[in-house]
Each structure stands twice: as structure tokens, then as C-alpha cells.
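Here is the naming used below: chain letters follow the sequence lines, and residue numbers restart at 1 for every chain.
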Amino acid sequence: MRVVVCTKQTPSTTAVITVDAEGKVSWDDPGGKPNVVNPWDEYGIEEGIRLKENHGATDVIALSVGGEDSKEALKTSLAMGCTEAVLVSDESMVGSDTLGTARILAAAINKLGDVQIALFGKQAIDGDTGQTAVQAARKLGWTPLTFVSAIKEVGDGSIVVERMLEEGKEIISAQLPVVISVVKEINEPRYPSFMGIRKASRAQIPSWSAADLAIDGGIGAGASKVDWSQVYGIPPREGSVEIIEADTAEEQARILVDKLFEEKVI
Amino acid sequence: MIDFTLDEEQLMLTNAIQRYAEERVRKVYRDAEEEGAIPDEVIQAGWEIGLLPSAVPEAFGGFGDHSAVTGVVATEAFAWGDLAVTMSLLAPGAVAIPVLKAGTDAQKEAYLPLFCDEKMPKIAAAFTEPDILFDPRQMKCTAVREGDQIKLNGSKSVVPMADSAETFLVYANFEGSSQCFFVPAQSEGLAVGSREKLMGLNALPAFRLTLTDVLIPAANQLGGEAGIPFDLILNCSRLTMAAAAVGMCRGAFEYARDYAKERVQFGEPIAHRQSIAFMLAEMAIDVDAARTMVWEAAWLMDQGKGITQEATVMKHFVDEMAVRVTDKALQVLGGYGYIREYPVELWLRNARGFASLDGLAIA
């Protein structure tokens with residue numbers, strides 16, 4: 001059984017994001033690590049590795065669409081324990097919306113061949129759309145299993161998973177192949193081991209272009225259905241502090257409750 | 001000219017350790033200090049990063065060669081998280097690296113694979129002695145040859161994880177030089193004493209060890225009859241301890257710096273006051289200077305050079321630097337620095353130990 005884990009490079013969670021007057025977004029990180037593997041994807045990577053360790057997966061292939069810097073995310077995936085990594089990179093892909101990205105990923109997964117499970121984090125922390133996994137499933141013609149919090153069983157061409165929904169949890173089964181998006185409750189991602197790091201630093205990561213793939217549909221900024229018409233920074237929230245003065249604590253509490261009612265907080 | 005650029009492997013490794021230190025160690029270290037125990041899962045996650053197997057050749061179950069530079073950059077990242085966790089994780093190296101550097105082929109085959117296992121091996125180095133005039137080159141613990149056996153007598157202190165160790169590597173004065181010997185924990189005459197009550201490092205389980213006419217086969221001497229190049233082992237240990245001091249002091253500096261920028265007094269952050277800003281600047285200078293000395297000594301070691309002079313100068317500087325920096329961190333926090341809810345008092349207590357602790361850990 002071959003497993004693909006889709007991952008991407010995103011700004012770090014501690015990065016300070018700046019938007020200039022023209023709407024150009026940039027970021028830096030006080031810790032000196034501005035880009036990281038999308039934190040949600042780490043759960044997908046960990047689950048892929050566990051499918052190899054516990055459910056007989058033969059290959060766990062990390063897959064990313066992006067520029068050369070995306071190789072960092074792929075190297076982290078290899079260092080954690082993925083067996084292979086592939087970068088899909090082409091100028092024509094720049095500016096793709098989630099549907100375009102899903103088309104590219106679906107074509108790459110088809111090219112890898114014999115894949116039974118494609119894992120995604122539930123969303124990326126930059127765009128925060130959470131759409132790519134389902135759109136990739138649609139393009140592949142596979143069953144999408146979203147918000148998965150546990151993989152219970154895999155075998156005989158089927159899979160049983162637990163989904164974490166707002167109303168509760170549900171256990172469902174599906175025929176392979178499937179696309180799975182995972183939530184953080186599914187596991188605790190491991191840290192890259194030094195042995196993995198050594199393998200990753202020596203790995204040659206193949207880079208596929210658009211010409212290497214049979215992409216079904218438009219990609220890139222020209223085909224994007226999403227128009228980023230205006231990008232701006234959120235003005236800092238303003239607040240004020242009022243110290244409640246009274247002779248007794250009870251009186252202070254009464255005034256506080258009245259004010260909270262006035263503000264419709266309670 | 002020395003190049004201070006870390007290679008890709010070292011950068012990825014330090015990033016992984018720094019994340020471990022932030023996400024796992026910093027969440028538990030204060031409770032661990034108060035309770036005297038580090039959660040097993042935190043130690044296991046740190047062990048799984050696999051620093052030690054990277055120093056062990058493939059023939060013995062590892063995947064590389066020892067690099068002192070990699071060891072010190074990794075140690076700094078671990079110690080930024082917590083010193084007790086770092087010493088717990090790197091204590092097995094105080095056995096593994098001496099075996100790697102000086103062991104006979106049979107000893108390497110017998111012991112090195114233990115350090116490449118998924119679980120931390122139950123083996124500890126017994127180096128320090130409970131003596132106010134302790135000199136690593138003139139140990140009071142003695143080893144005397146008796147036919148084809150060695151008889152050991154003496155006391156050891158601050159032996160990490162001695163309560164669970166199955167084997168000890170005991171350092172002793174043997175025919176005028178410091179040598180070391182594998183001693184099974186069940187040996188007659190060997191006793192693990194009470195847990196040490198230290199000024200800091202309370203989360204590290206460390207014990208007294210007494211040896212009374214303990215007899216072991218002469219073949220248990222590390223390095224066989226040739227013995228060990230003791231200065232090399234001591235220098236390895238001093239590099240690790242100094243790198244740990246740099247990591248801990250970097251943490252103390254960063255904490256004090258951030259506090260000073262946020263703490264508003266008299267209408268402005270206290271970092272704007274020269275008395276505070278100068279202290280922070282001196283702390284940063286101290287930490288950077290110490291790191292440079294550690295890296296230079298480690299780089300020289302990796303070139304196969306003797307570093308006794310550099311390691312001695314480094315140790316002298318770093319031991320005092322650690323107290324200076326952590327004391328200033330406490331001073332920046334004012335009265336809060338003296339309260340146990342804040343970490344700086346722990347770092348100051350830990351810092352005082354560097355002058356006394358040798359042989360505790362090697363990376």
C-alpha cells in the first residue's frame with residue numbers, strides 16, 4: 001500500500017505578518033525560522049508514518065506544490081520518516097487557487113501510481129480555506145474523509161476511520177482509495193530524528209514540472225476563480241480600562257454586573 | 001579561518017531540538033524541579049531525536065561518527081529548555097563517548113549498540129567524588145590490580161540515574177592516572193546511596209555510590225591495558241557542560257530581555273533604563289563570548305587537535321559566566337526574580353553547579 005502525504009511550506013506560527021500600503025504581504029520571525037511545515041500537515045505526515053509502522057504501508061511519499069523553498073517542508077517530512085518526497089514546481093502554477101492546486105496534486109498522485117491513501121492536514125494556516133483535500137478527492141474520483149481523528153482499521157480494500165465533528169464523533173468505513181484530511185486529535189507528531197535528518201539532507205528530491213503531469217483543467221493565476229481584490233492589515237484593536245471604585249467589594253461587584261449587562265456581555 | 005556556518009544537518013537538528021525544548025521541556029521543567037522527577041515521555045521524546053546514535057559507527061548499530069561541534073550545538077539547544085532534562089538525556093554519552101574514543105573492539109561491540117536502542121540504556125558514569133578538593137586527575141577512588149582482577153575502593157557523587165543503572169563506568173586512580181572500569185550494579189561491595197540533595201538540578205535523579213573492595217575482571221578496564229586518554233575524555237565532558245551552560249544562559253538572557261521590554265515602570269519599559277540595558281548587553285556579550293570559546297574548542301577537537309589548554313580556559317570563563325549571566329537575569333526581574341514561580345532563580349542555582357560538575361554528560 002502506497003500512501004501520499006500532501007504538505008506545504010507556510011509562515012511560522014510565531015511569524016510577524018506585515019501588509020504594506022499596496023497590499024503586499026511579508027513576514028519575519030523573531031526566532032529566525034520564518035517558514036515551517038504547515039502545522040496541520042505535521043499530523044498528516046505523522047499518520048502516514050504510522051500507516052507504515054502499524055498498517056503495512058510500503059511507501060509514504062511526501063508531496064508538495066511550490067517553489068524551491070518548499071523542499072524544506074519535504075526534507076522535514078523525510079526527516080520525520082517519510083520514505084520519499086516529490087516537489088511539483090512550475091512557473092505556470094504560481095497563483096493557483098485551491099482548485100488549481102487540487103488539479104496539480106491529483107495529477108501528481110496519479111503519476112505516482114498505486115496510491116491507496118492521500119493524507120492532508122485539515123487546512124493550511126496561511127490561506128485557511130480547508131478546501132484542497134476535498135477538491136483533490138473530487139479530481140481523483142476518490143472518497144473524501146474529512147476531519148479524521150483516528151484511523152481504526154485498514155485492510156481488504158477498505159478503511160475505517162473516526163471523524164470528529166462539531167456534534168460529536170462518528171465511525172465510518174469506506175472503500176480505498178480515499179483522501180483523508182486529519183485534525184490534531186489524531187496523533188502527536190514526532191520530532192525529526194537525527195538519523196532522519198541525515199537521510200533527508202542527503203536526499204535528492206525530484207522536481208516535476210507541469211509538462212511531466214497530465215493536469216486536467218486550468219492552473220495558475222489565470223485560471224484562478226479567486227480574486228484577491230484587496231489585502232489589508234487588521235487595525236490593532238483599541239480598548240480602555242476602567243477601575244471600578246466603591247467602598248466595599250460587594251458594591252464593586254454590583255457595579256461590575258450592571259456594566260456587564262449594559263455591554264450585553266452577560 | 002574557522003567557518004561558523006552550521007551545515008544543513010546541524011541546522012535541522014538544532015531546529016528539531018529547539019522545538020522539543022520549547023514544546024515539551026519548557027512545559028514541564030518547573031514542575032519537574034519541584035517534584036524531583038522528569039516525566040518519562042519527555043525523556044523518551046528527547047532520546048528518540050537520536051543524538052547519540054549519530055556518533056556511533058554503523059558497524060555498532062549507529063549511523064555516523066562523533067562530531068564535537070554537532071554535540072555542542074545540540075547541547076546548547078537542549079539546555080535552553082532545561083539543564084536537568086539535558087543532563088538526563090546526555091548522561092549515557094558519558095559512557096558511550098569514552099567507549100567510542102578508547103574502548104577495545106570487544107568493548108565497542110558489547111556496549112555501543114546499547115546506545116542505539118529505542119530506549120535509553122541503564123548505564124551510568126561515576127565520575128565526581130564527594131571531596132572538597134576533588135581533582136579529576138588525582139581521584140581518591142582507587143583501583144588496584146590483584147592478579148587478573150581489579151579491586152575498587154572509594155566514593156562517587158552525583159551519579160545520574162544510579163538507582164536504575166545495571167552497569168557503571170567507574171573512574172578511579174589506577175597506577176597514578178585516572179582510568180575507568182565497567183562495574184556491574186550487582187557487584188558485591190557496591191552500594192547505591194541516598195539521592196543527592198543538590199542546590200539545583202533537583203529533577204535529575206543523582207546518587208552517591210560507594211565501592212568497598214569491589215572485585216571485577218581486569219578486562220573490565222576501558223581500553224584494556226592501554227587504558228584511556230583521560231584528558232581527551234575530560235575535555236569531551238567539559239565541552240558538553242560548557243555548551244549546556246551557554247544554552248541555559250541564553251535562555252536566561254532571553255527571558256530577562258523580554259521581561260525588561262514588557263515590564264513598564266515609571267511610564268516606560270524598564271529596558272529603556274541604562275542600568276537595565278547595560279546589564280542585558282553584558283549578558284548578551286557573555287553568552288556570545290562563551291559560545292565562541294566552546295565552538296572553537298569543539299572545532300579543534302574535530303580536527304584531531306589536543307584542546308586541554310582551550311578547554312581549561314573555556315571552563316574557567318564559562319563557569320563564572322554562567323553565574324554572572326543568571327545573577328543579572330535575576331536582578332533584571334527585581335523581587336520577582338527571587339520568587340520560585342519565575343524560572344530565573346532556578347537558572348541561578350543551576351549555574352553555580354558548573355564549577356563543580358565534571359563527567360556528568362558528554363554529547
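Interface residues of residues 8-19 of chain A toward chain B, defined by a heavy-atom distance below 4.5 Å: none. Contacts between residues 66-82 of chain A and chain B, counted as heavy-atom pairs separated by less than 4.5 Å, involve A:K75, A:T76, A:A79. Interface residues of residues 192-199 of chain A toward chain B, defined by a heavy-atom distance below 4.5 Å and sorted by number: A:P192, A:S193, A:F194, A:M195, A:I197, A:R198. Taking non-hydrogen atoms and a 4.5 Å limit, the residue list of residues 37-65 of chain A in contact with chain B, ordered by number, reads A:E42.
Heavy-atom neighbours of A:K111 NZ from other residues, nucleotides or ligands within 6.0 Å: above the threshold of 12. A 6.0 Å sphere centred on NZ of B:K101 holds more than 12 heavy atoms belonging to other residues, nucleotides or ligands. Around atom CG of B:D40, no more than 12 heavy atoms belonging to other residues, nucleotides or ligands sit under 6.0 Å away. Around atom CD of B:Q303, more than 12 heavy atoms belonging to other residues, nucleotides or ligands sit under 6.0 Å away. Heavy-atom contacts from other residues, nucleotides or ligands closer than 6.0 Å to CD of A:E91 number 12 or fewer.
Of the residues listed (B:E48, B:Q18, B:E23), the one engaging A:Y191 in a side chain to side chain contact (heavy atoms under 4.5 Å, CB included) is B:E23, and it is the only one.
Between chain A and the residues B:G46, B:A74, B:S54, B:G64, the most heavy-atom pairs under 4.5 angstrom are made by B:S54.
When heavy atoms are compared at a cutoff of 4.5 Å, B:D7 does not approach chain A at all. Heavy atoms of B:E9 lying under 4.5 Å from chain A belong to its backbone as well as its side chain. Proximity to chain B is limited to the side chain of A:R202, based on heavy atoms less than 4.5 angstrom apart.
Using a cutoff of 4.0 Å between basic side-chain nitrogens and carboxylate oxygens, A:E188 and B:R24 are scored as salt-bridged.
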